[in-house]
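Only this structure's heavy atoms are used, side chains among them; waters, hydrogens and symmetry mates stay out. Protein chains get the first letters and strands the later ones, always in sequence-line order, with residue 1 at the start of each.
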Amino acid sequence: MIGSPDVVALTREDENGEANADPLALPDEFAVPLYPYANSNPWAKTAYAKFTKDFILISEFSEQVGPQPLLTIPDDPKVCGTFDLNYFSLRIMSVDYQASFVGHPPGSGYPRLSFVEDSRVVLGDSKEGAFAYVHHLTLYDLEARGFVRPFCMAYVSADERKIMMQFEELTQRFSQASECLKTGNRRAFAKELQRKLQDLEYTRSVLRKEEGLQREAAPPGIFSTHVVEKANELANVEKSIYEHRDLLSQISSYPGRPRRDPHAAPCPRCLTECLGEYEGLLERYATLDNALRPDCAHRVQAAEGQNGERRGGEAGNEEEEEEEEEEGVGRRPSYTPQLIKAKSPKCFDKRLKTLTELCDQAFHEATLDLLKGTERLFSGDLCYQYSRRLDKALRRKQQITNFLFEEDLGESVMGEWETARPVCALNHAGDVPRPTRPPPVVLCPLALELDALEPLEPSDPASAMGLGQASDLRPGRSRLESSPSDQTLETSEDTKCSFSSDRSAEEPIDRDQSLASVRSEPADPDMVFDPDLTPDQDHDMDPERRSTSEGTETTAGEDEAENGGDQTPVSLQEDHAPLGVGPGEGEGERRGGGAQMGPGSSLVQIDTACCMAQDAFLYEASIADAESDPGLHGSRPPTPPSAVVSQEPHASLPLQGDYAVGSPQSETPAVGLDLLPGPFKEPASRGGAADDGSDCTVSASAGSARAGSPPCYGGVMTLRQRKKAGQGALKFVRQYPFALQALWCLLSGRTLVVLGSEEGRVRRLVSALALFVPGPGTCGERVQAWLTSPFTLADLHRWKLIGLQRVPSPLGSCMLHSLSRYSRYISVLDADQKTLRCPPYRGTLLANMADHRTSLRRGSTYFLHVQSTLGGLASKAFLLAFTHHLHLPVGPGEGPEAVEARRRGFLQEQLGLGPQDGQILLYLSRLITQQYLQPGAAPPSFCCSYTSSLLYKI
Amino acid sequence: MFRWILGGRDAQRAVENSVLSIGEEQPTNWFTELQVLKGHFDIVRFLVQIDDLRFASAGDDGLVLVWNIETGEKLLEMRGHSQQITAMATLTRVSRDTPHTSLVTASSDRSLSLWDPDTGNRVQTISDLQSSVKCLLVLERLSVWLSGGTELCVWNIDFQLQCQQQNHSDTGITALVELPKSCIAAAMDKEIVIYRLTADLPLTLTQVRCLSDHQDNVRTLIPVNDGLFASGSHVGELILWDASDWNILAYEHILWEESQADAQSEIRLGSPKPCEMSIQHLTTNGTLILAAVGSGLYVYSVLTKTVVAYRRAAHDSNILHTMLLSDSELMSCSEDGSVRIWEMQDLPLPAEAASPGFFGMWSFGRSSKQAELPSRKITEVPNIRTLELTGDLIGHSGAVQMFLSFSERGVVTCSTDHLMILWKNAERQSHLRSLELFRKLEAGPPAVDW
């Protein structure tokens, strides 16, 4: 509703910065900031890229052939063009900072699984014109070296700003995908282990039998070489069994392990399921031979006791789930164990498993879907995304009037905060409550102690163990938490600074800057506004993430210094000091407190110094930073300062979050216009079950090459369809001189019946006119595109726009009878004879929307024009609906006539509307009021006015 | 008593055939908001007001539904009758100084039920009656109520039969009215029977008088005021009775004309069907009696004992229910599915009453044939006023059985199309919504800051 992106892209900001001179100007939180890159050539940046559009690349570092690309999303060779995927895979795999530790750690007899956190890197290749957000992850494979398979997912784009500005969201989305993959992988790994263990047990039993036979056969006291061989083999197998059992216990400890990645919050349901499954497996294999091995039995008992402890402390449902899982284990098609040769489980000559095999099929598919959604979400030029975000941010502020003309925001609201929430790709999302905060994890070498200090998650066996004696029983497990990967996270930071090939020169400068201005400015919106990300968690982010936020912080601090502390740049982040306090003070305190709370605060500062240092293009706040970063941003002018709105803290607080590109959306809705007590909010989020990719329609139809219509759920009018309708509406307006009257009917709440014998034409007309139906409903339920039976009065309640089939008599006469009978409530547009029967309209309000001679040619442009006009109407109606004195008497002596006169005066003099235009507003405000009041069981009502109609002809 | 024969044949036909239509321009029609109430599965026949906010509806589906007039919400659904409901009345009893209203319903399943409209409970039931009850009359003064069918029964407030009176008519009692001095008038066929109820216990019912002045079946019987009651018959006789000595005070036979007189020219029309002059419904406000005669409307003044205003063809078919909204406004609903609002207007120029233009005023656009109207009729009724159609409510697709007015809150109509429609004033509703809106805003979270 805010305007065409291609217009936005070419607007130029005024140099003289008199934005605040106009006293009637909108407050900043309602104003639409101009596209900040107005001056940059929007076509230049992709000029030398060898691929046509952004894509997602999944690569792996194969232990056999080295880095290799696995697949791209979209899976279309045209996308990549001549771009060398092999080379780029090499590039992106070479910046894997996961620091996975492989092999036997000293002091441990068994091979260790290394549990590594994902790492995130932004990488640029200026020669190729490619920039990538690279997300590394490690999957487990029993047959792989060190049981690990390094993978990475990369979002490749020709526009580096796009990646940098949306780093946060990319991070979130890819973390989700990664989490999904890893969850599936762990399951698959556990299954594989189970199979392997079965094999081994079987082999052992066979070997034992053979050994016994041989021993019997051989004379007593004499061990033949055969017997010795067998015994050795048996010992090997048993060792292998122990190793695998240990692996199983390791992998089962994984889900409860504290995470240092705030994005990697797994779906709790998946988590419990996995836990249950693992425990089932663990117990099963631990008990196989505990009779034979007393030490083993002891261990198993310990483990069980610990499990029992854990279970005892938990709700009963956990037990049920476990039982279920055990049953599931039992039910599984029995695997026929195979005899395996006594040999190391590591095989190098085998075919490596594919990604699909590594993960459960379901998880793999879910991940791919997630990534496809991500690709769709981020496709298109940055400026589309920018305006889309603005649009969303503004719409989120208008929740009361959105239902009138805006596309249902519910879906996009979901799309936004979905990313900030652990979403299970397996559709567990619905019943998963959003955890109030991610598990607190502290990045510290002394993780062991800290683990014990942390608030324990009830379902966390590892931490439960951390408290008790169980850590003694299983030293390896607790070591896992403090495994060397933690240290590597710290120690490898310096290497991680090599963020991009051509950036390293700037690092020292930035480091100094950031050190100088650490924590002076609450610029990072997610820090401030995301309730989930409390400041102390800031320290727990892994270096890449942290560096992004810290980088923003520091640059914003500089802004403040440069601007004299009272001016903040107009930017995506908008005015971030609405509290009337000097920008940053209150927030700085808060954050300072957070920093003191965190034991690792000193570390954080070091991290701040050592970061990607690309603050300048992380967030818009850094624009003013251009001087300090001349190589990159010299071309951008400093943005004019904007006034700080200090009197409306409620309104502007969330705004930052809303406007900030790349910030995780705060769940708290924009309070600015949020008048919603309770139930009103629900529809917005309820409608949002649609896929996350479908709001890509903005960019899609606004010029990106991507075709393929988004799925339409239950007849939801997607934006794309509405745009198509825009074309139709434009055609209608140009074709019919009485379009004005038709529009007025729709907007003033008079049901419009489109009568025609040809279904296609009627449907086209209806879908075009549906644009103008106020409050069409989330699924367009107020519009009936094609009706073949006579309608009744109740239908007039339900539908505001009806496409009616004209049929020959006798049924037709019945239909015509109902038409004429209810003629006072409806307007009839005859598509065949091209006539319109409706009350006369003499207003002026709609003239610019229904201009017969409009020079607009493109449907999408007209759509946006209409949307903005309708948006204006909606806000006027909002004003009308919520202005007390226009509806209710001010004083006791005032009668309804005075109120009526005042309302008329308001409409006529202040809004300059005639009586008929006033009807539109009255109707809209009535809808708003009704929507706000949400009548419960009451049947709907509709208004009519007893005025005579005229017949308009073409 | 004079026979009131109106108009010439041509004029009658002109009026009769004219499709009376006001068009869509109805500036005084304030029923600008409507709500369709769904809930019944069959014809809705009865509407009863319970209190200021609630009303009950009942019909052929045996359901009794309680509605809120303000919101249009269905409050209760009371099931119990297996067949159509034939009569419904409210029964108010005062317990601990608070009146409590219950609903009494009678059904074709030969049962009577007492309902609590607050809870929806069926408080009392009497089944296995000898015949189905056709009318109910509550005598609040005596704390009894009567049910009329083939027999007339008197019940006390606790649903105990006090006494009953058999009668031998085939159709049974079709209407009951309360008269002074503990008397009750019951309409049976062509007769009106007066009963007296002894005040002392046990209650007994004695037939006092039988009035058989009507030529045909008595269709309606209403109390007019303390001293009068009125009855209307199937052939258009309207008789005004003295309530205490049961003498005829006035006899009006509304008969359009002797159709046989010029049958030779208008054979195809035949004689007017009885239903065309049957008095379907009578209402009164004490001074005026509004009679629905066929599809016509007559306003009869009790004071002058003359017809003060009439409309021969007020509707396209039989009028089923009427009401006097005020001294000059009335409302009628008809089998043609419409509700019409009329206003009695004085003639602007009484001196020209005899001119043909007089009829031209009340028959829309039909002035051409009015010239033939015999002027003598007009001179006979010099005080006559016109009934001007000021608005109509169109919404039902079947006959509108009844309507119930809640004055400024609106009007409910019920119909054979199984629906009820609540007609309201949009301005008032909008005002109420605004009130609620701002009340909700005040009660809302403190963060409201707009």
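Between B/W67 and B/H40, the ring planes lie tilted relative to each other; the angle falls in the 30° to 60° range.
Taking the side-chain contact (heavy atoms from CB on, under 4.5 Å) definition, one finds that B/S397 meets it with A/Y822, B/D417, sequence neighbours left out.
Contact count versus chain A (heavy atoms, under 4.5 Å) is highest, among B/V36, B/N29, B/L34, B/T71, for B/L34. The candidate from A/H887, A/E900, A/R824 with the greatest count of non-hydrogen atom pairs under 4.5 Å with chain B is A/R824. Note on A/L793, A/V899, A/T792: by heavy-atom pairs under 4.5 Å with chain B, the leading option is A/L793.
When heavy atoms are compared at a cutoff of 4.5 Å, B/I421 approaches chain A solely by way of its side chain, counted from C-beta outward. Of the two parts of B/L75, neither the backbone nor the side chain holds a non-hydrogen atom closer than 4.5 Å to a non-hydrogen atom of chain A. For a residue to count as touching a neighbouring chain, one of its non-hydrogen atoms must lie under 4.5 Å from one of that chain's; by this rule B/W30 does not touch chain A.
Residues A/K800 and A/F942 meet the side-chain proximity criterion, which asks for heavy atoms closer than 4.5 Å.
Near-neighbour residues of residues 424-436 of chain B relative to chain A, defined by a heavy atom under 4.5 Å from a heavy atom of that chain, comprise B/A426, B/E427, B/H431, B/R433, B/S434, B/L435, B/E436.
Donor-acceptor pairing under 3.5 Å is recorded for the side chains of B/W342 and B/S332.
Salt-bridge annotation for A/R926 and B/E33: present, with a side-chain N of the basic residue lying under 4.0 Å from a carboxylate O of the acidic one. Ion pairing between B/R54 and B/D118 holds under the 4.0 Å rule for side-chain N and carboxylate O.
Residue pairs meeting the ring-ring contact (aromatic ring centres under 6.0 Å, His included) criterion with at least one member in residues 400-419 of chain B, sequence neighbours excluded, are B/F55-B/F406, B/H321-B/F403.
At least one donor-acceptor pair under 3.5 Å links the side chain of B/D336 to the backbone N or O of B/D316.
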List the atom pairs, donor and acceptor, that lie under 3.5 Å between side-chain atoms in residues 918-925 of chain A and the rest of the protein, sequence neighbours left out.
{"from": "A/S925", "atom 1": "OG", "to": "A/L921", "atom 2": "O", "distance (Å)": "3.4"}
{"from": "A/S925", "atom 1": "OG", "to": "A/L922", "atom 2": "O", "distance (Å)": "3.1"}

